[in-house]
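Encoded as structure tokens, the structure appears first; notes follow it.
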Protein chains: 2
Amino acid sequence: MTDRRDNGGTDDLEAALRGAGLRITRQRRVILAILAGGDDHPDALALFRRAARQDPSISLSTVYRTMKVLEERGAIQRHTFEGGPARFEPADGVHHDHLIDLDSGEVIEFRSERIEKLQDEIARELGYEIVSHRLELYGRRRK
Amino acid sequence: MTDRRDNGGTDDLEAALRGAGLRITRQRRVILAILAGGDDHPDALALFRRAARQDPSISLSTVYRTMKVLEERGAIQRHTFEGGPARFEPADGVHHDHLIDLDSGEVIEFRSERIEKLQDEIARELGYEIVSHRLELYGRRRK
DNA sequence: GTACATGCAAATGATTTGCACAAGA
DNA sequence: TCTTGTGCAAATCATTTGCATGTAC
């Protein structure tokens, strides 16, 4: 047993690349392991720094390029929270929203069936079909 | 009677600047009128182009600087929808969320008391206090 | 007159891209 | 081998800022 999540693990990410006829390079292997291993939402620079510890030859461009292909394959999710740079997380199949801790930058995931449903109702009333949505709560720990 | 909204009109915007001891310059007057007059959500460049028609000497920097002070005074809202640059709208006092038409870029405003309430409940359950939030629906017109 | 505002150009920060070389399949 | 990937530097995009000059109050 491992503490790695069932989905979004290195194997799933590798499969996403392989399935598209893309290559598993030494640097991609490192990046995928970091993505799959962590349970936070790192940005490109954080990913780059962590990767560089294992392989100092990795470049920031490669991190960005890898994020782009993984996103195109639906293997990861890209989030752009207020202010900061894009942050990434392995796609876990189940959609969820985010609560961002304004003090620490920490991201807490949550999911509300009722909110999802209400969103659909609203879109329908306005004559629209939802393609995607984003719901982000920004707050601080209650004392 | 005017088709200008009750709130977020030129007068409100001017008041926001005056109240902070700031000056109403020729270029600010033009920008404020455009913001107050339109009912869309223009980005800095769009604002700049419209302003330049009335006063070709206006610079993009001034648009950005004006957006910054107005935002600091709470007179306008800045939105960063997926992808694109920041877009602005006069603050109308009542909070609302947005549905973005993926084909036209058009922004439709809506408000759901029930969603607002659910968000508060969720944050509370997670031990947080919401400072702000953003809910954006991206979709296309239903045929 | 004096502090605040402006235009311009240069700086910034995040991200992307062109190119010559390297390396998976 | 042949195509895809990489590092590096330069380019791009949105936005900000330094500075000398202009102007609202």
Side-chain angles (χ1 to χ4, degrees), chain A residues 10 13-34 41-49 51-73 75-88 105, chain B residues 10 13-34 41-49 51-73 75-88 105:
Chain A
T10 298
L13 297 174
E14 281 203 18
L17 293 178
R18 284 223 164 76
L22 300 176
R23 293 168 187 176
I24 311 296
T25 62
R26 176 171 41 88
Q27 24 284 79
R28 284 187 176 164
R29 223 184 292 278
V30 171
I31 295 172
L32 300 194
I34 292 169
H41 298 63
D43 59 27
L45 198 57
L47 237 23
F48 167 67
R49 282 201 254 260
R53 281 205 292 267
Q54 299 188 224
D55 178 347
S57 83
I58 274 180
S59 78
L60 185 52
S61 307
T62 293
V63 172
Y64 276 112
R65 279 191 274 237
T66 302
M67 293 307 102
K68 173 168 287 190
V69 287
L70 289 176
E71 188 187 14
E72 282 165 4
R73 303 280 151 256
I76 62 166
Q77 285 265 270
R78 170 193 304 259
H79 303 294
T80 16
F81 301 131
E82 306 260 69
R87 298 172 64 171
F88 309 91
Chain B
T10 298
L13 297 174
E14 280 202 20
L17 293 178
R18 284 225 163 75
L22 300 176
R23 292 167 187 176
I24 310 297
T25 61
R26 175 171 41 87
Q27 25 282 80
R28 285 188 176 163
R29 223 184 294 277
V30 171
I31 295 171
L32 300 194
I34 291 169
H41 298 62
D43 60 25
L45 198 56
L47 238 22
F48 167 67
R49 283 200 253 261
R53 280 206 293 267
Q54 299 190 224
D55 178 349
S57 82
I58 274 181
S59 78
L60 185 51
S61 307
T62 293
V63 172
Y64 276 113
R65 279 192 272 237
T66 302
M67 292 307 102
K68 173 167 288 191
V69 287
L70 288 176
E71 189 188 13
E72 282 166 2
R73 303 281 152 256
I76 62 166
Q77 285 265 267
R78 169 193 305 259
H79 303 293
T80 13
F81 302 131
E82 306 258 71
R87 298 171 64 171
F88 309 90

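In the text below, chain A, chain B and the rest are named by the order of the sequence lines, each starting its count at 1. All values below come from the heavy atoms of this structure, side chains included, with hydrogens, waters and symmetry mates left out.
By the 4.5 Å heavy-atom criterion applied to side chains, A/Glu72 and A/Lys68 are counted as neighbours. Annotation: side chain of B/Thr80 is not in contact with side chain of A/Thr80 (no heavy-atom distance under 4.5 Å). Residues A/Glu14 and A/Arg29 meet the side-chain proximity criterion, which asks for heavy atoms closer than 4.5 Å. Taking 4.5 Å as the limit, every side-chain heavy atom of B/Ile31 sits out of range of all side-chain heavy atoms of B/Leu13.
Taking the salt bridge (charged side-chain N to carboxylate O under 4.0 Å, His left out) definition, one finds that A/Arg23 meets it with nothing, sequence neighbours left out.
Between the CG atom of A/Asp43 and the P atom of C/dA14 there is a distance of 8 Å, given to the nearest Å. In this entry the distance linking NE2 of B/His79 with C1' of D/dA14 reads 18 Å, nearest Å. Separating the CG atom of B/Leu32 from the P atom of D/dA24 is a distance of 14 Å, rounded to the nearest angstrom. As a whole-Å value, the separation of A/Phe48 CZ from C/dA14 C1' is 14 Å. Residue B/Ile31 contributes atom CD1, which lies 7 Å from atom P of C/dT6 at whole-angstrom precision. Look at CE on B/Met67: it is 14 Å from P on C/dA5, rounded to the nearest Å. Following rounding to the nearest Å, B/Arg49 (CZ) and D/dA14 (P) show an atom-to-atom distance of 10 Å.
Where A/Asp55 and A/Gly21 meet DNA chain D, the nucleotide closest to each residue was compared, and A/Gly21 sits on the side nearer the 5' end.
Listed nucleotides D/dG7, C/dT15, C/dC8 differ in distance to A/Ser57; the shortest reach to its side chain belongs to D/dG7. The side chain of A/Arg28 sits closest to D/dT6 out of D/dT6, C/dC8, D/dG7.
The minimum heavy-atom distance between B/Asp43 and B/Ala86, with the atom names listed, is CB-O, 3.1 Å.
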*Report, as a single string ordered 5' to 3', how protein heavy atoms within less than 4.0 Å touch nucleotides 16-25 of chain C: B base, S sugar-phosphate only, - not at all.*
BBB----BBS
